[in-house]
There are 2 protein chains.
Amino acid sequence: MKDPYALLLEHIGRNINLGPAEEELVTGLFRERSLKPKQFLFQEGEILKSQVFVTSGCLRSYAIDHNGFEHILQFAPEGWWIADMQSLLDQVPGKLNIDAIQASTLLQIGMSDMERLYREIPQLERHFRLLLERSVVTYQNRLLDNLSLSARERYEHFCRAYPTLIRELPQKQVASYIGVTPEFLSRMLRQPASRKG
Amino acid sequence: MKDPYALLLEHIGRNINLGPAEEELVTGLFRERSLKPKQFLFQEGEILKSQVFVTSGCLRSYAIDHNGFEHILQFAPEGWWIADMQSLLDQVPGKLNIDAIQASTLLQIGMSDMERLYREIPQLERHFRLLLERSVVTYQNRLLDNLSLSARERYEHFCRAYPTLIRELPQKQVASYIGVTPEFLSRMLRQPASRKG
DNA sequence: GGCGGGAAATGACCTAGATCAAGTCTGCCG
DNA sequence: CGGCAGACTTGATCTAGGTCATTTCCCGCC
């Protein structure tokens, strides 16, 4: 079992270099927490108060539409951040739910402490800028996939993007992520992906 | 006709405060450029070399799928940034096309100059972090819309999100943005949006 | 070792939206 | 003014994927 704080510092260290004092400041402000499978971190209508970094296990965020269907926006395995950003940034009731799909541990930091970190370690702005750039690219690609690919192609992309996850996820969650019904995904997987060209 | 550089500084000024020397540094590194309607800024397969800030008119970015259909990722009217971020960040051949849908003017800065700006004005990291946060939220919402809403609902959202743009855009581009065929959008608009509940 | 509940499979049927193929309408360029 | 290329419309038909209901499977739990 790896030290969660070490994981966080390593993660940050990929983009910027922190001195020992800075590392201490960072680790001093994050608090550990663990979640059991299916336990909620955040529910629709609440106001999200903290940034969350996953140190083990896996969380997911999803929205529920007006027919009661779940649409998964993000999986967050070890080493990822997860949030309802709209709620967090504007301190407004969120539209997402976030829960653990496995027993998980995470590090949490309140918004005012986060702002303090930005003030005292301006380099962190850079770290998160770089993360967010990747995040935008990822969402753009996923959006284009949804606009231009068939369900089967989206499934294949998913398998390539999350080769580990796919083996531990219930099929219905994959369905919900790629945007098809569980029934349809089930049928699709039974069908022998037509050879082409 | 507003000064394009003033527009850029005003834009940045919404997030951070620059001193006169910093403002001069910024404006000194951006170069003006203009595009005629339909003129390309960037085409699939090229490697994007610069950040682009739109100062008048409107650009769009879109991908072409394996059936030859366009899918519009973004419209960038005055005051917005536009790029093929994947290409720009990784200096890799891009999958997007970017062109002007109206006569447009823009400010451009090469990547090395941009890095210099980040070095000399670290606050800019913050500015772009804040922009990118908004951008992620926007893409998340659009993705959820695509996963959970009908074509008509997506159209309505679009009208609310871009009330000005909708009046000057050809219908087929709206169709391409919301992810339906032009034929279907045409029919849909002819149908009197069923009253419900 | 039986049982309760969620996950998956499966069958029959349905529909939003796509496709293809003609038209028409419009604006702009020579 | 004439013509022609794009944008929009319209009709007929098709299909990927959805819906609903039933059954089976599997796994954790008492």
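Just so it is clear, the model here is predicted, and its values are computed rather than measured. The sequence lines fix the lettering, A, B, ..., with proteins before strands; numbering per chain opens at 1.
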Chemist: Rounded to whole angstroms, how far apart are CG on A:N146 and P on D:dA16?
Modeler: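 Checked: the CG to P distance equals 18 Å.
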
Chemist: Set out, in order, the CA-CA distance, both residues' side-chain angles and the distance that settles side chain to side chain donor-acceptor pair (under 3.5 Å) for B:S150 and B:E153, then state yes or no.
Modeler: CA-CA 5 Å; B:S150 68; B:E153 290 168 314; 3.2 Å; yes

Chemist: State which residues pass salt bridge (Lys or Arg N to Asp or Glu O under 4.0 Å) with B:E70; sequence neighbours excluded, sorted by chain then number.
Modeler: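 Partners of B:E70 under the salt bridge (Lys or Arg N to Asp or Glu O under 4.0 Å) test: B:R60.
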
Chemist: Are A:I101 and A:L59 side-chain neighbours, meaning at least one heavy-atom pair lies under 4.5 Å?
Modeler: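 No - every pair of side-chain heavy atoms lies 4.5 Å or more apart.
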
Chemist: Using the ring centroid of each side chain, check whether A:F128 and A:W81 are separated by less than 6.0 Å.
Modeler: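 Under 6.0 Å, so yes.
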
Chemist: Determine yes or no for a side-chain-to-main-chain donor-acceptor pair under 3.5 angstrom, with A:R154 supplying the side chain and A:I178 the backbone.
Modeler: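 Side chain of A:R154 to backbone of A:I178: a pair is present.
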
Chemist: Name all pairs fulfilling the ring pair (Phe, Tyr, Trp, His ring centres under 6.0 Å) condition that reach into residues 16-50 of chain A, sequence neighbours left out, sorted by first residue then second.
Modeler: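 Output for this query is empty, none listed.
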
Chemist: For each nucleotide in nucleotides 17-27 of chain D, reading 5' to 3', give B when a protein heavy atom comes within less than 4.0 Å of its base, S when such contact involves only the sugar-phosphate, and - otherwise.
Modeler: BSBB-------

Chemist: Please report how far the helix from C:dG1-D:dC30 to C:dG30-D:dC1 bends, comparing the axis fitted to its first five pairs with the axis fitted to its last five, to the nearest 10 degrees.
Modeler: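 For the helix from C:dG1-D:dC30 to C:dG30-D:dC1, the axes at either end differ by 40°.
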
Chemist: Can a donor-acceptor pair be found between the side chains of B:H11 and B:E78 at a distance below 3.5 Å?
Modeler: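 Distance-only check fails for B:H11 and B:E78.
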
Chemist: Whether the side chain of A:S104 engages the backbone of A:L35 through a donor-acceptor N/O pair (distance < 3.5 Å, no angle test) should be reported.
Modeler: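 No, because the side chain of A:S104 does not come within donor-acceptor range (under 3.5 Å) of the backbone of A:L35.
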
Chemist: In terms of ring plane angle, is the pair B:F75 and B:Y162 parallel, tilted or perpendicular, where the classes change at 30° and 60°?
Modeler: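 Correct class here is perpendicular.
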
Chemist: Pull out every residue in residues 161-177 of chain A that has a heavy atom closer than 4.0 Å to any atom of DNA chain D, ordered by number, or say none.
Modeler: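 None, since no heavy atom is under 4.0 Å.
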
Chemist: Given the rule in the side chain to side chain donor-acceptor pair (under 3.5 Å) test, do B:T55 and B:T105 qualify, once you have shown the distances and angles that lead to the verdict?
Modeler: CA-CA 5 Å; B:T55 50; B:T105 59; 2.8 Å; yes

Chemist: Does A:Y139 have B:R142 sitting over its ring (NZ/CZ under 6.0 Å from centre, angle to axis within 45°)?
Modeler: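 No; the conditions do not both hold, so B:R142 does not lie above the ring face of A:Y139.
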
Chemist: Apply side chain to side chain donor-acceptor pair (under 3.5 Å) to B:Q51 and B:Q108, showing your working.
Modeler: CA-CA 6 Å; B:Q51 290 272 32; B:Q108 249 180 327; over 6 Å; no

Chemist: With a strict under 4.0 Å distance from non-hydrogen atoms of chain B, what nucleotide opens and what nucleotide closes the contacted stretch of DNA chain C, reading 5' to 3'?
Modeler: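 It runs C:dG17 to C:dC20.
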
